[in-house]
2 protein chains.
Amino acid sequence: MSSIEISTFLKKHGIRPSFQRIKIYEYLVNHKTHPTVDTIYKELVNELPTLSKTTVYNTLSLFVENKITQLIFIEDNETRYDADYRTHGHFKCLKCGKIYDFKVETKETIEESLNGFEIKEEHYYIKGICKNCKQN
Amino acid sequence: MSSIEISTFLKKHGIRPSFQRIKIYEYLVNHKTHPTVDTIYKELVNELPTLSKTTVYNTLSLFVENKITQLIFIEDNETRYDADYRTHGHFKCLKCGKIYDFKVETKETIEESLNGFEIKEEHYYIKGICKNCKQN
DNA sequence: GTATCTGCAAAACATTTGCAATTCT
DNA sequence: AGAATTGCAAATGTTTTGCAGATAC
């Protein structure tokens, strides 16, 4: 996704496309590693030397409010962000720490036990050892 | 679960049953509300006036290490604990804040997309509006 | 020129750590 | 006595808040 596409995308979702916002969204979209605020900040501060963490926090909150980014909680003290807003699962490798996405569909058994409840967000995460770490 | 049963249970899991540990586990088992450290501390400090939050943290970490309690991350800055160590889902109501348990079985579609990965822990949580809040 | 956005510094929380006092065997 | 446990106080780390200056419409 290019800066111009991102700019249009942000406008479409009611967000004014400031330079910082474009850069932060660009980072999220092009690095599907579910980064933390700290990672995003450290990566972007080279390119935007005056960037502050406050702006990263503000911007990500804005993205979450406008539903173009979702929050991921897998570990304590480690809020992560994902530009993919569709429901999907996350697998975190306990050895290498990498996070993989996986496909998820709501199960009938869940729907049954939550009969009468209105589902707004679904989150799935699994911890274990990834294929790569098992082989090495 | 009575104090004596808890004492035996802790011993069985290699944990020395101190007074504080028994009380904390008792609270967890008898209040299936997935409390935070702060909630547990505030509830027990009446009964155990010298109790410190450090002890609550230490004890819960010990329980997690010994796999008699699981950690639940649903919100940021809000680590919760659950004496039920079996895999099950949590539904958090966005209106009343209450957390409900629901049954979950690993889906084939998840197993397929994680082929070759070793699953150690599975976590499912859903946010929405609970039956009770929808009716009122 | 008025709204919004950014970013610094300080505040607010949750959690961890070091260590001394206490408790248990 | 010796080992484990507890709890205070301080440190750490993350996120939020207040506010002043910069930027955009």
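Letters go in sequence order (proteins before strands), and every chain restarts at 1. None of these values were measured; they are calculated from a predicted model.
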To the nearest angstrom, the CG-C1' distance between B/L60 and C/dA14 comes to 14 Å

Looking only at heavy atoms, what is the nearest atom pair of B/F63 and B/T69, with distance? CB-OG1, 3.3 Å

Going 5' to 3' along nucleotides 20-25 of chain C, which nucleotides have protein heavy atoms under 4.0 Å from the base (write B), which only from the sugar-phosphate (write S), and which from neither (write -)? ------

Inter- and intrachain pairs under side-chain hydrogen bond (donor to acceptor under 3.5 Å, both in side chains), touching residues 43-55 of chain B, at least two apart: B/K23-B/E47, B/D38-B/K53, B/S52-B/T55

Take atom NZ of A/K42 as the centre, draw a 6.0 Å sphere, and report whether it contains more than 12 heavy atoms from other residues, nucleotides or ligands. no

Decide yes or no for A/L60 and A/L28: does some side-chain heavy atom of the first lie under 4.5 Å from some side-chain heavy atom of the second? yes

Please report, rounded to the nearest Å, how far the C1' atom of C/dT15 is from the CZ atom of B/R80. 17 Å

Its contact letters, B for base, S for sugar-phosphate only and - for none at protein heavy atoms under 4.0 Å, make nucleotides 6-20 of chain D read SBBB----SBBB---

Starting at atom CG of A/L10, determine the distance to atom P of C/dC5, rounded to an integer number of angstrom. 12 Å

Flag yes if more than 12 heavy atoms outside B/K127 fall under 6.0 Å of its NZ atom; otherwise flag no. yes

Distance only, no hydrogens: is a donor on one side chain within 3.5 Å (strictly under) of an acceptor on the other, for A/T59 and A/Q20? no

Is the A/Y124-B/Y124 ring centre distance short of 6.0 angstrom? yes

With both distances under 3.5 angstrom, what nucleotide forms a Watson-Crick or G-U wobble pair with C/dA3? none

Answer yes or no: are there more than 12 heavy-atom neighbours, outside A/K32 itself, under 6.0 Å from its atom NZ? yes

C/dC24 - base-pair partner by Watson-Crick or wobble geometry, distances under 3.5 Å: D/dG2

Could you state the CD-C1' distance from A/E75 to C/dA14, rounded to the nearest angstrom? 16 Å

State the syn/anti category of C/dA3 according to its glycosidic angle, syn meaning within 90° of 0. syn

